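What you see below is based on every heavy atom in this structure, not just the backbone, and it leaves out hydrogens, waters and symmetry mates. Treat the numbers as computed from the prediction; the structure is a model and nothing was measured. Throughout, protein chains are lettered first and strands after them, A, B, ... in sequence-line order, and every chain is numbered starting at 1.
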Amino acid sequence: MVQEPVREARTVMSESDIQRVLTRIAHEILEANRGVEDLILLGIPRRGVPLANRLAQKLAEIEPEYVVQERTGQLDITLYRDDLARAESRIPATTMIPPAGVDNTVVVLVDDVLYSGRTIRAALDALADIGRPRTVRLAVLVDRGHRQLPLRADYVGKNLPTASTERVMVQLAEIDGADADYTSDQVQIVDVMD
Amino acid sequence: MRHLLATRNLSYDNAMAILDTAQEMATVSDRSIKKLPTLRGQTVVNLFFEDSTRTRTSFEAAAKRLSADVLNFAVKTSSVSKGESLKDTVQTLEAIGGDAIVMRHWASGAAQQLANFGWSSSAVINAGDGTHEHPTQALLDAFTLRDRIHGQHASGKDLEGLHIVVVGDILHSRVARSNVWLLHTLGAKVTLSGPPTLMPVGVTTWPVEINYDLDALLAEQPDAIMMLRVQAERMSGDFFPSAAEYTRGWGLTNDRYKRIEGCNTLIMHPGPMNRGLEISAAAADSAQNTALEQVANGVSVRMAVLYLLLAGQPGQ
């Protein structure tokens, strides 16, 4: 059998692309919500957290009444996964909910890549155990398709048609900055070698 | 980790994984819905050959918060009293459908035997075996120390540089043994104190210092003193002349308590406390006393252990 040549990693979003996309999503959130009233951003660890924080900064720049510390948090889904029995157990990440809680608010979940949809299903379960938001929305940097559940994102940075043999890699300074191969924020597509 | 049998062979990484996981589990206790779906469909069997309401209830609460089913097997009402062997008991329980066995046994090494003889495929958690080990107690003590000293920034931190004094009946205490090994692994310095008759043979080979003079130790203002319970039920002979004499030498009396009152020295006790014997009422009710936090943290630590053993495929 002839092995297909492995292509080099392709950069599909640069640092400035990510910046622009987050600015657009911030405006879209404000437009749909008609302002920042009752708005809360929850990032999903790991890379959803810095994305949520960056979005929150942008919201605060546009609408100063949005107080970042009181309206931004993170929601860990490790203990709600449906594939726990298939992998070695991992240490859960921290969940931090804004002090006023999520009851009757508009929660925007933020993640880096939307793929099967299973992470978001777990996040909805986790959120339901914490409170009862009025509305839950979803913002993602990249939607790469291949959904296994009937879910969609409300705010999408980039729709990225991919093959399931490819992997989408997101690098963000807050998480990957200390890595030796980190140069700048970017989104890349990498072929998975079996 | 496949089983949790002892802290002596528990690696630094596994110990920290349990403490960091427990940190997240603790936040569940502050929510209105104190339940996670993580271990749905799994069954935890509590198999207690010795009476223990606290440890059993703590494990039961931990399993239930993770949505596992719990079977309580009280040995006094079972066929064990008719002469059934441990092997047959365990295999019967597994046939009923257990995924983990939480066992307390009067024989040192019972949990090890259960895990290593191939009698069952369940994860085994040692909830105390004879005078050998009680690993979850040591883990919850370490968690409590870490929580008191580092607060909400405790995640990822060990006990490097702390000085812990363990006082009392070291000879019969599995809590002391588990604490010695775990505290050593996590970087703390441990000093043992108590009547010389209640120091085990071979204690000089342990990674500890020994000082029979409790007053001198208190003057050093250690980070914590752990007062062990005087275990009358395990003492067949006379190890000290009288209870009053024990209290005078190694009890945390009012007089001793006054000398550390207001200092940073924490007072720990695994419970149940014998007020007036190893600890005075004032020391027991002090804000420096962590006994109740230890109980609450016990649930979080046991949730972490059950999660790490049962949720995923067994790793190293």
[atom1]-[atom2] distance between [X] and [Y], expressed to the nearest 0.5 angstrom:
| X | Y | atom1 | atom2 | value |
| --- | --- | --- | --- | --- |
| Leu79(A) | Met303(B) | CG | CE | 7.5 Å |
| Leu310(B) | Ser89(A) | CG | OG | 9.0 Å |
| Arg90(A) | Leu308(B) | CZ | CG | 13.0 Å |

Determine whether more than 12 heavy atoms belonging to other residues, nucleotides or ligands lie under 6.0 Å from atom [atom1] of [X].
| X | atom1 | result |
| --- | --- | --- |
| Arg147(A) | CZ | yes |
| Gln152(B) | CD | no |
| Asn264(B) | CG | no |
| Glu37(A) | CD | no |
| Arg40(B) | CZ | no |
| Glu28(A) | CD | yes |
| Arg132(A) | CZ | no |

- Honestly, the part of Thr27(B) sitting under 4.5 Å from a heavy atom of chain A is neither
- Query: Lys35(B) versus chain A, heavy atoms under 4.5 Å apart: side chain, backbone, both or neither?
  - Reply: backbone
- Query: Going by distance alone, is a donor N or O of one side chain under 3.5 Å from an acceptor N or O of the other, for Glu24(B) and Thr94(A)?
  - Reply: yes
- Message: Checking an interface table here. Which of residues 136-147 of chain B come within a heavy-atom distance under 4.5 Å of chain A?
- Response: none
- At their closest point, which heavy atom of Ala128(A) faces which heavy atom of Ile33(B), and how far apart are they? O-CD1, 4.0 Å
- Message: Taking the side chain as everything from C-beta on, heavy atoms only, tell me whether Ile91(A) gets closer than 4.5 Å to Tyr307(B).
- Response: no
- Message: Show every side-chain hydrogen bond (donor to acceptor under 3.5 Å, both in side chains) that has at least one partner inside residues 120-131 of chain A, sequence neighbours left out.
- Response: Tyr80(A)-Asp129(A), Arg121(A)-Asp125(A)
